Amino acid sequence: MTTLTEADALDGLRDALGLLKDREQVAQRLLDSSAKHSFDPDKELDWDAPFEEGKWFWPPELVSLYDTPMWKRMSEEQRILLSRHEAAALASLGIWFEIILMQLLVRHIYDKSATSAHVRYALTEIEDECRHSKMFARLITHGGTPWYPVSRVHQHLGRLFKTISTTPGSFTATLLGEEVLDWMQRLTFPDERVQPLIRGVTRIHVIEEARHVRYAREELRRQMVTAPKWSQEFTRITSGEFARVFSVAFVNPDVYTNVGLDRREAMAQVKASGHRRDVMQQGSKRLTDFLDDIGVLRGVGRKLWQSSGLLA
């Protein structure tokens, strides 16, 4: 972890990673990129093509039960069916998260200049997220699986979080929701074992989410330098608690019931799986290294992150 003195932080808006970039310049570059590299999933993807026999809906190594005793007893057909339902569950989770993110972005820009590039890019990102949510919903319907909403408890926690979250807390949660899935999707879209439609969906999402990650990272760096001390500390605690919620919500237990598995045994094996723990920590590592450098992973917040299983 890189450290930063208070004097350094006050010298021209610096953090442990160096000088902060100009907010308007960052936003304008992202707007330019959006103009060149944005996609309409309804037109870009072949929704009429049938799924290919024997192909996965998610890379097998990323399926929750991979390499567990239960996995080893399952037939190839049942494993692929589980990947189909887990892809739908992750798409459902993505919709839930993106709806929260859109509300947080609207709150962030509420009192800022509507003519600024920073606000115009936030509105552009909201457009992206609307398309992504519709794309994920269409994918779920096309796959013939149920919609997998998060639990009622997590719905209420999400509602509470988006109501009380500070600005740096909002951008920390944004990165958590985006970067773990982004890591998985970067493994998915080039994988020829996976259904072409899934690869197309993840490719679009990866390209457009890269801009969202850049926007959130640059703004979080700024917030962790300029926000009041109480806000920074509150962000550390709430982000750690959100990491705990996210790690639990990442696996929807209903998928096991729907593919004919014992739900309780499956959940127990996922919890005990060293492979699954490694996957989640690898998916989070780029983010947790960044959060560590800018001072988010400290004190009680760090312990909460560790208890989530996303931080070793």
Side-chain angles (χ1 to χ4, degrees), residues 1-4 15-17 61-68 86 90 93-94 96-97 100-101 104 150-151 153-154 157-158 160-161 164-187 209-210 212-214 216-221 223-225 227 229 231-252 267-312:
M1 174 181 171
T2 310
T3 57
L4 176 73
D15 66 3
L17 300 177
E61 298 82 5
L62 301 182
V63 175
S64 62
L65 280 171
Y66 181 80
D67 203 33
T68 62
E86 289 204 2
L90 287 173
L93 180 68
W96 173 68
F97 175 74
I100 292 174
L101 168 59
L104 294 176
V150 298
S151 71
V153 169
H154 287 160
L157 287 173
L160 174 65
F161 174 80
I164 68 172
S165 177
T166 60
T167 300
S170 297
F171 281 104
T172 304
T174 295
L175 289 169
L176 173 60
E178 289 178 340
E179 294 210 27
V180 178
L181 278 172
D182 180 74
W183 178 81
M184 290 187 170
Q185 290 174 343
R186 285 177 184 274
L187 297 176
E209 287 292 316
H212 304 176
V213 168
R214 174 72 186 282
R217 279 185 171 232
E218 295 298 337
E219 188 59 27
L220 181 56
R221 288 180 65 195
Q223 292 293 330
M224 288 303 292
V225 169
K229 294 291 184 183
S231 179
Q232 295 180 29
E233 188 57 37
F234 189 63
T235 295
R236 294 182 181 109
I237 295 170
T238 55
S239 71
E241 190 57 43
F242 192 78
R244 284 158 51 94
V245 170
F246 181 81
S247 64
V248 173
F250 210 84
V251 176
N252 191 311
M267 289 297 293
Q269 291 198 16
V270 169
K271 187 175 182 179
S273 171
H275 173 81
R276 184 63 179 179
R277 183 169 55 253
D278 289 345
V279 164
M280 297 303 292
Q281 289 182 1
Q282 286 179 49
S284 307
K285 189 176 189 311
R286 185 169 175 267
L287 171 61
T288 54
D289 285 350
F290 169 73
L291 296 179
D292 206 2
D293 278 342
I294 65 171
V296 174
L297 300 186
R298 296 180 184 172
V300 174
R302 185 181 190 87
K303 293 179 180 177
L304 289 170
W305 274 86
Q306 288 171 330
S307 70
S308 75
L310 301 178
L311 178 66

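It should be emphasised that the depicted structure is a prediction, and the values quoted were computed from it without experimental measurement. Numbers here simply count residues along the sequence, with the first being 1.
Side-chain contact between V279 and Y66: absent, with no pair of heavy atoms (C-beta onward) separated by less than 4.5 Å. You'll find the side chain of L297 reaches within 4.5 Å of the side chain of T288, heavy atoms only. With contacts defined as side-chain heavy-atom distances shorter than 4.5 Å, the pair F97/V150 does not qualify. Between K285 and Q282, every side-chain heavy-atom pair lies at or beyond the 4.5 Å cut-off.
In this structure, F290 has no ring pair (Phe, Tyr, Trp, His ring centres under 6.0 Å) partners at least two apart in sequence or on a different chain. Under the rule for a side chain to side chain contact (heavy atoms under 4.5 Å, CB included), the partners of V153 that lie at least two apart in sequence or sit in another chain are S151, L157. Residues satisfying the ring pair (Phe, Tyr, Trp, His ring centres under 6.0 Å) test with F234, not counting sequence neighbours, are none. Scored by the side-chain hydrogen bond (donor to acceptor under 3.5 Å, both in side chains) test, E209 finds H132, H205, H212 as partners (sequence neighbours excluded).
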Name the atoms and distances for all side-chain donor-acceptor pairs under 3.5 Å in residues 172-184, with sequence neighbours left out.
residue: T172; atom: OG1; partner: P168; partner atom: O; Å: 2.8
residue: T174; atom: OG1; partner: S170; partner atom: O; Å: 2.8
residue: E179; atom: OE1; partner: R217; partner atom: NH2; Å: 3.2
residue: E179; atom: OE1; partner: R286; partner atom: NH1; Å: 3.2
residue: E179; atom: OE2; partner: R217; partner atom: NE; Å: 2.9
residue: E179; atom: OE2; partner: R217; partner atom: NH2; Å: 3.2
residue: D182; atom: OD2; partner: R186; partner atom: NE; Å: 2.7

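A side-chain donor-acceptor contact under 3.5 Å links R236 to the backbone of G295. In this structure, the side chain of S247 engages the main chain of S308 through a donor-acceptor pair within 3.5 Å.
Residues S64 and V270 come closest through the heavy atom pair O-CG2, 3.8 Å. Taking both residues in full, the closest heavy atoms of L310 and A243 are given as CD1-O, 4.0 Å, listed atom of the first, atom of the second, then distance. For the residue pair H154 and A249, the shortest heavy atom distance occurs at ND1-CB, 3.8 Å.
Residue pairs meeting the salt bridge (charged side-chain N to carboxylate O under 4.0 Å, His left out) criterion with at least one partner in residues 243-252, sequence neighbours excluded, are E241-R244.
Under 4.0 Å is where a charged nitrogen must lie from a carboxylate oxygen, and between R302 and D292 at least one such pair does.
Note that CH2 of W305 and CG of L287 are 5.0 Å apart. Values are rounded to the nearest 0.5 Å. Between atom CE of residue M280 and atom CG of residue D278 there is a gap of 11.5 Å, rounded to the nearest 0.5 Å. Taking OG1 of T68 as the start and CD of Q269 as the end, the distance is 4.5 Å to the nearest 0.5 Å. Within the model, atoms OG of S165 and CZ of F171 stand 9.5 Å from one another, a figure rounded to the nearest 0.5 Å.
A side-chain contact (heavy atoms from CB on, under 4.5 Å) with I294 is found for exactly one of Q223, M224, Q232, namely M224. Each of V63, L65, L62 was compared with E86 under the side-chain contact (heavy atoms from CB on, under 4.5 Å) criterion, and only V63 meets it.
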